[in-house]
There are 2 protein chains.
Amino acid sequence: MSILTNAADVLRCFTPQRLELTLTDTVSLLGAPKSSTSRLLRAMRDAGFLELAPGTRRYRPGILLFELGQTYRRASTLLARADEAVGRLSRRFGHTGYVSVLDGADVVGVAHHEGSSTLRVGTPIGRRLAAFASSTGRSLLARRTDAEVRALHPEPLRPASPHSPPDIAALIAMLAEVRRQGFATSLEEANPGVGGIAVAVGEAGTGEEVSLNLVYPVATVSITERQAMLNALQAEALEIATLVGDPWHAARKAA
Amino acid sequence: MSILTNAADVLRCFTPQRLELTLTDTVSLLGAPKSSTSRLLRAMRDAGFLELAPGTRRYRPGILLFELGQTYRRASTLLARADEAVGRLSRRFGHTGYVSVLDGADVVGVAHHEGSSTLRVGTPIGRRLAAFASSTGRSLLARRTDAEVRALHPEPLRPASPHSPPDIAALIAMLAEVRRQGFATSLEEANPGVGGIAVAVGEAGTGEEVSLNLVYPVATVSITERQAMLNALQAEALEIATLVGDPWHAARKAA
DNA sequence: CATGGCAGTCCCGAAAAATGGAACCGGAGT
DNA sequence: ACTCCGGTTCCATTTTTCGGGACTGCCATG
């Protein structure tokens, strides 16, 4: 219960839908006393975590946090490689690509490359998505044991779409398939009309894991194009995997 | 002296050159006692500000900070517009473009669009640059009064390049020129061989200000191309300026 | 022009957390 | 086995934080 956790709680109130916070917003979101919250917000501002949107009394993240966000991205060579690879894939196929990481039971995109095709699909990065309900997420979950997956997901699942696994058993079955195939797919789950394919890669030494992911409009992409994307995605992932010594891919190759 | 300022101090230790921090790094950088720092880092980790690079004892920014960095970018419509505009310019001319904001006496890039031309120049975003020694920075400084500029810059200036203003008087003179012309330029300042042109835009209601900035390799860009870039940049900036009601541009137009 | 919310800040004693010196731990190097 | 070295834990003391309530300034309303 250090003030740090309170500060973090405040920061977690910011979402892509709620870019700025007023004192009363924060109070009602957190249920904390007004006076404490007022002081907390001011302290956070003094420290540089927040800034006041000029001319208003609304707080928003400070530039310090922006800079650190950049640092986060650069801190990992695995991420950098994945970013590179997805950029190549995105340019080659004209579809949007993401790099995502698992955080608890969510995936959050940490990099994205917008497709060039007229039909662009996808969601901005920094957005959180239930891991079990997306190809990216499942490609990462497949690297956990079933027990870990169960621990992460309190029943009942709240599937966002009819194409998502309706319960844990279905999820576990899907993950088994992902492990067998080496990639994960989705069809109109997070976004209607959008399909996704994803391959996860992990670093041997660090245990760090990211997922490479391409999304495309199902209506205009042929089976053969999809297959080409899948092949390219797997190739890129495999290259990174061998480079960083991913034991998971190594095991697959041996089998 | 709240723990928040200490935490912020720790976070400020991260730079593009120092992506991860060990306990002893932090201790020597901050000069704080070991035990306090150890606890602080752990508390920050528990709160989600930091994470341990898996398998090591090195701390790095947590994903929470990454998400907030994204929020920062989206919190401002001015920023969003500028980002759009610079994206257009970058695609059109094939050179790299930035959107930057002033923070104290520094500018920090908050968005960038990499050029498509074979000669790509520029520095990654999230990087801090002395405002007085770049076109972006000067385009923003020109919107301050001379007194404010002086207050921001303790003599003597430490010019990074022979093309930067050597002292405050020279800077003030350059800023006067920027105000007269409505744009700022640089030639081989922050990066050798690259030139930059920048126009700042501010929002009436909020007082928020950003700078749009294009950089290009001086060796391969003709006078006429540069002029075209400048025209386009000014046109984009002016459009945004009228949209958000920038009094500064309004005054220029009236004159 | 009073009046009543509404948003935010200030004050204070009680309670909890931070502080930092020193002791402690475990591993790598000798 | 010894001893740095990086890091953690302990504990008494000092410093913040907490949160209820009073207080201020600001509309909008009667």
Side-chain angles (χ1 to χ4, degrees), chain A residues 1-15 17-62 64-65 71 75-76 204-208, chain B residues 1-15 17-62 64-65 75 204-208:
Chain A
M1 310 296 133
S2 114
I3 191 180
L4 280 176
T5 59
N6 294 322
D9 288 342
V10 170
L11 294 179
R12 277 185 244 274
C13 292
F14 290 102
T15 67
Q17 285 73 44
R18 192 168 31 239
L19 269 22
E20 300 185 332
L21 284 176
T22 176
L23 169 64
T24 11
D25 288 347
T26 318
V27 166
S28 60
L29 283 164
L30 258 39
K34 234 185 356 170
S35 62
S36 310
T37 309
S38 170
R39 261 178 296 114
L40 176 58
L41 289 175
R42 192 145 31 78
M44 288 174 73
R45 182 167 66 83
D46 292 343
F49 287 100
L50 301 178
E51 58 185 43
L52 278 170
T56 75
R57 277 187 232 191
R58 293 196 299 277
Y59 288 92
R60 55 166 132 154
L64 171 64
L65 296 180
T71 305
S76 156
T206 65
E208 207 178 1
Chain B
M1 318 289 136
S2 119
I3 192 179
L4 279 176
T5 60
N6 294 322
D9 289 342
V10 169
L11 293 178
R12 278 184 245 273
C13 291
F14 290 101
T15 66
Q17 285 74 44
R18 193 168 31 238
L19 269 21
E20 300 184 333
L21 284 176
T22 175
L23 168 64
T24 14
D25 290 346
T26 318
V27 166
S28 59
L29 283 165
L30 260 40
K34 231 184 359 167
S35 62
S36 310
T37 309
S38 171
R39 261 176 298 114
L40 175 58
L41 289 176
R42 189 145 36 77
M44 288 175 73
R45 181 167 67 83
D46 292 344
F49 287 101
L50 301 179
E51 58 186 42
L52 277 170
T56 74
R57 276 187 236 190
R58 292 197 299 279
Y59 288 93
R60 55 169 144 168
L64 171 64
L65 296 180
T206 66
E208 210 179 358

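Here is the naming used below: chain letters follow the sequence lines, and residue numbers restart at 1 for every chain.
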Inset, instruction - Keeping the roles fixed (side chain from S28(A), backbone from T24(A)), state whether a donor-acceptor pair exists under 3.5 Å. - result: yes

Legend entry - Heavy-atom side-chain contact between V10(A) and L40(A) under 4.5 Å: yes

Inset, instruction - Nearest whole angstrom, please: distance from the C1' of dT14(D) to the CD1 of I3(B). - result: 15 Å

Legend entry - Residue met sooner reading DNA chain C from 5', once L40(B) and K34(B) are mapped to nucleotides: L40(B)

Legend entry - Rounded interatomic separation in angstrom, taking CG from L41(A) and P from dT17(D): 14 Å

Inset, instruction - Mind calculating the distance between CG (D9(A)) and P (dC18(D)) to the nearest angstrom? - result: 11 Å

Inset, instruction - Side-chain contact test, heavy atoms from C-beta onward, threshold under 4.5 Å: evaluate it for M44(B) versus L11(B) and give yes or no. - result: yes

Legend entry - Whole angstrom value for the distance that separates P of dA16(C) from CG of L4(A): 18 Å

Legend entry - Side-chain donor/acceptor of R45(A) to backbone N/O of L52(A), under 3.5 Å: no

Inset, instruction - State whether the distance check finds a donor on one side and an acceptor on the other, under 3.5 Å, for side chain R39(B) versus base dG20(C). - result: yes

Inset, instruction - Would you mind reading off the distance between N6(A) atom CG and dT17(D) atom P, rounded to a whole angstrom? - result: 10 Å

Legend entry - Neighbours of DNA chain D within residues 21-31 of chain B, by heavy-atom distance under 4.0 Å: T22(B), L23(B), T24(B)

Legend entry - Out of dT17(D), dG21(C), dG7(D), whichever nucleotide has its closest atom nearest the side chain of S35(B): dG21(C)

Legend entry - Nearest-Å distance for atom pair CG/C1', residues L52(A) and dG8(C): 12 Å

Inset, instruction - Nearest-nucleotide wise, let me know which of S38(A) and S2(A) is further upstream toward the 5' end of DNA chain C. - result: S38(A)

Inset, instruction - Report the C-alpha distance between R12(A) and L64(B) in whole Å, list the side-chain angles of each, state the deciding distance to 0.1 Å, and finish with yes or no for side-chain contact (heavy atoms from CB on, under 4.5 Å). - result: CA-CA 8 Å; R12(A) 277 185 244 274; L64(B) 171 64; 3.8 Å; yes

Legend entry - Distance in angstrom units between L50(B) CG and dG7(D) P, rounded: 14 Å

Legend entry - S36(A) side-chain N/O to dC18(D) phosphate OP1/OP2 under 4.0 Å: no

Legend entry - Shortest non-hydrogen contact between A47(B) and A8(A), atoms and distance: O-CB, 3.2 Å

Inset, instruction - Rounded to the nearest angstrom, tell me the gap between atom CZ in R42(B) and atom C1' in dT8(D). - result: 7 Å

Inset, instruction - State, with a plain yes or no, whether a side-chain heavy atom of L41(A) is found less than 4.5 Å away from one of T26(A). - result: yes

